[in-house]
Every structure is written in C-alpha cells, then in structure tokens.
Colleague: 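I have a structure here, written as structure tokens, and I will follow up with some questions on it.
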Amino acid sequence: MQYLDGLNEPQREGVVNTEGPAMIIAGAGSGKTRVLTYRIAHLVNAHKVDPFNILALTFTNKAALEMRHRIENVIGAEARNLWMGTFHSVFARILRAEAGFLGYPANFTIYDTDDSKSLIKTIVKEQELDEKVYKANVVLNRISGAKNRMISWQAYINNPEYFAEDEANMKPKMGKLYRIYSERCKRAGAMDFDDLLFNTNILFKNHIDVLNKYQHRFNYVLVDEFQDTNISQYIITRKLAAVHQNICVVGDDAQSIYAFRGADIRNILNFEKDYSDIKIIKMEQNYRSTQNIVNVANSVIARNRAQIHKQVWTTNQSGELISLLKASSDHEEGRLVASSIFEEKMQNKIQNSDFAVLYRTNSQSRAIEEALRRVNIKYKIVGGLSFYQRREIKDLLAYMRFTINHNDEESFKRIVNLPKRGIGPGTINKILVAAEEHTISIWEVIENIHQFIHGKVSATLSGFVTLIKRFELEVNHKDAFDAATLIAKQSGILKELYEDKTIEGLSRYENVQELLNAVKEFVDNTDNKDVNLGAFLQEVSLLTGVDTDKSDDNNVVTLMTIHMAKGLEFKNIYIVGLEEDLFPSQMMLSSRADLEEERRLFYVAITRAKEKLTLSYALTRYRFGRLKNCEPSRFLDEIEPKYIQVDTKFSFSEPVIPNRTKSFINSVRRDVQKKSANTFKKTGDYTVSPGFEPSDTSALEIGMKVEHPKFGYGKVLDIDENGAGRKAKVKFDNFGEKTLLLSFAKLRIHE
DNA sequence: GACTCCGATCTTTTT
DNA sequence: GATCGGAGTC
C-alpha cells in the first residue's frame, strides 16, 4: 500500500478506518481530496470491495470527474464501476430506473432554473395574480425551500403556519402556486433540480423494497463537501447507509457557503449526535498556503460563532505579506490588478495559469476583463452564463427534449413557433388552458386540436405535430449525434441561423455547430454505455458553467466567483471588490442576517492562495448601471494590520486601514469625479452620424441641438448624471419636453 | 400574429 | 446592461 507513505497521522486514519461511521473534518488545504481518493482505493485494494458497491457523492461534476481520474490512477480501470457523481446526477439515474414507482415516465425531462421560472410565470399569469408580487424568483425560492426541507405541496397547504407566513408576506396564494407548479411538472413529465432529491426521498419512503435494494448495494457511502448538504440530501444518504453503517462524510464547516441553496450547516455540526460510535478525524495541517495566509484566514474565521473547533496550522514559510490595492473606481481596480499581475509575471517569472481573480458577483468580471485585455494578458472566465443557457442552444435542446418527451411544456413553448409558424401567444395560451382544464398533457391537446379549440388555428400546428412524430421515429434507431443533426436540420433552426448573416447570427450558428460537436464527442466517448439522444440530454441537463469550460489554451489567468473557486488553489490570488454591501453582500445581510456565511466565503477565497494574496477595493463602482460610492469592506478591518501591506506603487498613499475616515474617502471621491470629468469629456468636433443611431451617451451635452426621427429638432436641456448620463431631457420644437433613454433614443447631433 | 420602440425593472452565489 | 412586456403599427 505505497499510497499510505507520506500521509500524516490524521490523513492515514482517514484512509484506513473504513468501517463504521466516520466524519473527517478537513481544514482548508489539508489534503482532503487525497484522503478521499486513497480511502476509496484502499477499500478496493486492501478490502477487496467491488467498486460497484461504493457510492461517492460530490457537489460538482468537476469534483466527481477529478476524483474518478485520481482513483483510476491508483486502482486502474475498475474505477469506472464506482457509483460516483453529484447528488443530482446519481439520484437522477436512480429515479430513471425507478420512475414507474412514482408515476413518472423513465424519460422524464429535467427542468433547469429557467424552465422552472418560466413555468411559474405562466401559472401566475393564468391565475391572474400580480406578477410584481409573485415574482418568479421569489415563488421558486419558496417552493425550493419547501422541497429542500421535504415539505410536499400537500403538507404545505395543510400547515397553517406556512399560510400565516405567506399571508404576512402578502403572498397568500403561495400554497396554491406550489400545488399547481407540482402538478404541471408532473403532467409535463418533468422534474426540477429540487425534485431530483425530493422525489428520491419519496421513493425511498414509500417503496421500502426499492430502498432495500440500494441499501444493500451500497456497502460504503462517502460524501464530499458534507457542509453543503441540505436536509433532503442528508436524509437520503443516511437512509442509504442505514444497513451497513459505513458512512463517511468529509467536509469543513468553515467552508459552508451554500446556505442560500438550503445547505444546512447543522448537518455537520450535529452529525456526531446521529451516530453514537462515530469516528471523528480532524485534519488540521495546511499544506497549501504560507503562514501569513493561514494566519490571516484563521483570524478572519475566528470571528464566527457557529463552528467546530479546530486549529489550522502549517509548517510552510511565512511568505509575503497580504497586498492591498486601493482603487478610485472599478475600472481603476481592474487596471491595478492587471498591472500587478503583469509585474508579478515579469519579476517572478510566474505563469498566467498561476493567477486567479476572485469576485463576489459575476458582473464584476467586466472591468477586470477589459483591463487584462488592454495589457494583453490572456484570461478565461469560469462560470457565468453557461453555454447551455444560450438561446440558440436551449432552442435546439428543446426540440430534442420535446422529441423524447412530448409532454414537456417548457420545451413546447420554446419551439412551437420556432421557426415562425404563425402560432402566437394567443394560440399557445389556449392550448395551455385546454390542457389545464381537461387535466391532460399538451401533446394530447395538439394532437387533437380541433376537439379542444374551436375556431381558427393555424394549419401549421398539425405540421408541427407530424414533424415531432417523424423525429420520434428517427430517433429510435439513431445515435444521439445522428438524431441531433437531423433535428437541427429538419426543424429549420440551422437554416434560419445560417441565413442570419449578422455577427450575432454567425456566432449563434457556430454555437449550434459546437453543440453538435459536443453530441459527437458524447457518442464517441467509450465510457458512455448509452449513446442515444435521451442519454445525452440526461447528461447535459445537469451540466453547469464550469463543466463546459474547454478552452484549448491552458496558460491563462482564471476569473471566477468565489463560489466557483472552492476546491481549487492558485499561487497568486486576487480578491477584488472588498466593499461594504458588495462583499459582504448587502442582500445576504438584509435577507438572512447571515454575516457568518459571507465571512466563510471570504475565508474560502483567502485559503485558495498558496503564495501570495492580494486584496482590492474601489471607492466608486458601477452597479445596476449606476455609479455608486463605496466604502471598504468591514472584512478588511478583521485582518490584523501587521499582515497587510498597502501597495503604494499604484494605490492611493493615504492609510485607509485601520484609520480610515469619512473625510479621506470624500476627498478621494472629489478627485475621482474631477479626474473622470477630465478624462471622459469629449472636446472639439463631434462626429455627426449619417443616420439615426442610438445616441452615444458620452457625446451628448447640455445645450446641443439634436434631431429625433419622430419628434424632429430639439435642444438638450439636461442630462441625468446620477444615472451615469443615461437619460437626457430634450425640449423639442414641436413636441415639448421629453425625457429620453439614451441607450434607446435615436438622435442625430447638430454641431 | 409579427415587429418596433421604449419605459420599467432587476441583479448573489449554483446543482 | 440586459431583459421583459406594453403599446402601437403593419
């Protein structure tokens, strides 16, 4: 067992103590993945356990894939037989096999968040409720929260407490919406992300024989990132491990950052109470970071109350101090980060791939990107809008989904009029209403449309039905690639995009080709036993932004949210946007009063760094299209000043930490405003656009004479600076004063 | 029904 | 900055 060499004592214990319940508390950088990998390898090698009897659950596809590769390196091809995957993918697989018990078809569709929201919007409209009150997001969150706590719509409706809560929130119809949403999903043969867990629980609760089957199959159950499990996930794993009691959970309460998604930190804090004979192993030695970084991380997390006591330590060198960059604006922040990366690269001969820039929200990436482009540093963005969320991709996938499952309401709405068949919202609405009234599926309605809708219905609808039927026939004896190609061609999607010669249309066309490539890859991958279209869709519906990252050039700077960075490490880490309201997030604080989770997020970000950590903040920032003043984050004050070194080469020289003052901040703000006024004010002649173009915000000035295609000539009276110059008040000669949104208004400037 | 224009509105993080 | 939806027009 040579893999046991070089492990420290707790790591070794984590690997060899395979029997009975165990909880491994793994501090940041303590070699968690290594232990988990070796533990599984040890089960197979030393205990001769069949990989088929081992279930290993992770949160991301990436983590699952990486672990599978690492295990393969130790035990070889046998690793393929492990039941290893995300909670969602493993349980989707089980649900497909057992769908009949729940009254679902085996080819059920998985609704992503967009589908769920769209369905909720439709329902809210049908119920004639106020869409402003019943916002899709809010309703979905409420439903999702209930499902994550395993509260069915029946239980929800029967519980007066929930109703009282909803009434207090001015949303008394929430229970009804939950009911209709669930019924609609079921009738569409669709499960949303939460259903994959919720229904697994139902399955195991109502069908003991099914539960028994899996209980006996999984002799060993391992859970990675246990701190991020919600109650629903926890109950499932506990049930599965109930027979053999070989459950091993690995996690770090200090890195629990998914409470917003229902993760319950109590799962890890209380785990030992659920198992009397539990073995608890604490891995506290950090192999990743310098002493300074470990110390700073420790001092930050020490402020949290809810945690398991541990002392993370390291024998690494003390390393550099933490750098602090102070910027006057978000754009300057980007420039500072870019210059700093540039200089580090030059001085220390570090690769692009050794850098990562982490931020709280995806929208912050823009300023950083611009700055990196300007100094010619290659970068990639991880996460954000994923490939599979693009419109054209979703369109084609919807065709495939609808071919496989004719009842998939959301796909139907997407494609029934794409390309245009003259079937507008009116008809679609009638179809949905008919389905709802007769409690039948959409397919039944459109197959026999004249029984349900009297009056004019475009004849093209029957053409659509025939098209789908033909697809269905073809798909049966084709692999996913041939099927997808056929659908792309014959649906007309490919043709429509091909004929669109705009830059956008071109990229859309390329994206569709890219999707077809992905299908090809899926079909050619020998690991996949099933290569039909249904199998491809199953895989795709659980992919996320991270999983679709396949840039060829690997020597690039990585940009991503802190959430995405969990589990990764880089030599140099930049944490940007350390401002009150942004990080910690204003929303988080007001909605959940959970500063501790934000602090854990900060902890996760800090502990990604191996050698150098740089923090930065800006004093002004564009948010929601508006220029806002910002204050440095309280988190900066939580770091002992002796660990911080202000980077004076680029930043303001005044000390902001620890004695920052209002007057200092204001003086900087004045500078910023002066500076930006000088930088951005255009002088001299303006280009007069040949036609009417949406106005260039920066080109417009008070007093200018302008021409509008409808309103004719006028004079600019005022520009709304508060809104970053987005609105202009114009007095037209014949139409009086109008306020125009400059991103839309078409104006021609006259001198 | 399709299309265009424009005001209103919303932004946390992800399976 | 991007997206949604209402209003108006063809």
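A, B, ... follow the sequence lines: proteins, then strands. Residue 1 opens every chain. Bear in mind that the values here come from a model prediction, so they are computed numbers and not experimental data.
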Colleague: CD1 of I575(A) versus P of dT12(B): gap in Å, rounded?
Modeller: 21 Å

Colleague: When the distance from CZ of R621(A) to P of dT11(B) is rounded to whole Å, what number comes out?
Modeller: 19 Å

Colleague: What is the distance from NZ of K121(A) to P of dG6(C), rounded to the nearest Å?
Modeller: 11 Å

Colleague: In whole Å, what is the span from the CZ atom of F583(A) to the C1' atom of dT11(B)?
Modeller: 18 Å

Colleague: Please state how far atom CD in E225(A) lies from atom P in dT14(B), giving the value in whole angstrom units.
Modeller: 14 Å

Colleague: For R238(A), check salt bridge (Lys or Arg N to Asp or Glu O under 4.0 Å) against everything at least two apart and list the hits.
Modeller: D274(A)

Colleague: Just jot down the side-chain contact (heavy atoms from CB on, under 4.5 Å) partners of D130(A), sequence neighbours excluded, or say none.
Modeller: K132(A), V133(A)

Colleague: To the nearest 0.5 Å, what is the distance between CG on L358(A) and CD1 on I573(A)?
Modeller: 4.5 Å

Colleague: Toward the 5' end of DNA chain B, which comes first, R360(A) or K430(A), by nearest nucleotide?
Modeller: K430(A)

Colleague: The criterion is salt bridge (Lys or Arg N to Asp or Glu O under 4.0 Å); which residues satisfy it with R142(A), sequence neighbours excluded?
Modeller: E165(A), D166(A)

Colleague: Got a sec, which residues hit side-chain hydrogen bond (donor to acceptor under 3.5 Å, both in side chains) with R373(A), two or more places apart in sequence or on another chain?
Modeller: Y379(A)

Colleague: Closest approach to the side chain of H88(A), judged atom by atom: which nucleotide of dT9(B), dT13(B), dT15(B) is it?
Modeller: dT15(B)

Colleague: Report the nucleotide, chosen from dT15(B), dT13(B), dT9(B), that has the shortest atom-to-atom distance to any side-chain atom of T361(A).
Modeller: dT13(B)

Colleague: Is there a side-chain polar atom (N or O) of T60(A) under 4.0 Å from OP1 or OP2 of dT15(B)?
Modeller: no

Colleague: Quick check: does any side chain N or O of R608(A) sit under 3.5 Å from a backbone N or O of L568(A), one acting as donor and the other as acceptor?
Modeller: yes

Colleague: Closer to the 5' end of DNA chain B via nearest nucleotide, is it N137(A) or F87(A)?
Modeller: N137(A)

Colleague: With respect to the side chain of M564(A), which nucleotide from dT14(B), dG1(C), dC10(B) is positioned closest?
Modeller: dT14(B)

Colleague: Rounded off to whole Å, could you give me the CG-to-C1' distance for the L543(A) and dT15(B) pair?
Modeller: 11 Å

Colleague: I need the CZ-P distance between F59(A) and dT13(B), as an integer number of Å.
Modeller: 19 Å

Colleague: Going by salt bridge (Lys or Arg N to Asp or Glu O under 4.0 Å), name the residues that satisfy it together with E126(A), two or more places apart in sequence or in a different chain.
Modeller: R184(A)

Colleague: Over all strands shown, is Y258(A) touching base, sugar-phosphate only, or nothing at heavy-atom distances under 4.0 angstrom?
Modeller: sugar-phosphate

Colleague: Confirm from the modelled atom types if T113(A) and dT15(B) form a donor-acceptor pair under 3.5 Å, side chain to base only.
Modeller: yes

Colleague: Which residues within residues 408-429 of chain A lie with some heavy atom under 4.0 Å of an atom in DNA chain B?
Modeller: N417(A), K420(A), G422(A), G424(A), P425(A), G426(A), T427(A)

Colleague: Does N148(A) make a side-chain N or O approach to OP1 or OP2 of dT15(B) shorter than 4.0 Å?
Modeller: no

Colleague: Let me know the distance between CG of L196(A) and P of dT15(B), rounded to the nearest Å.
Modeller: 13 Å

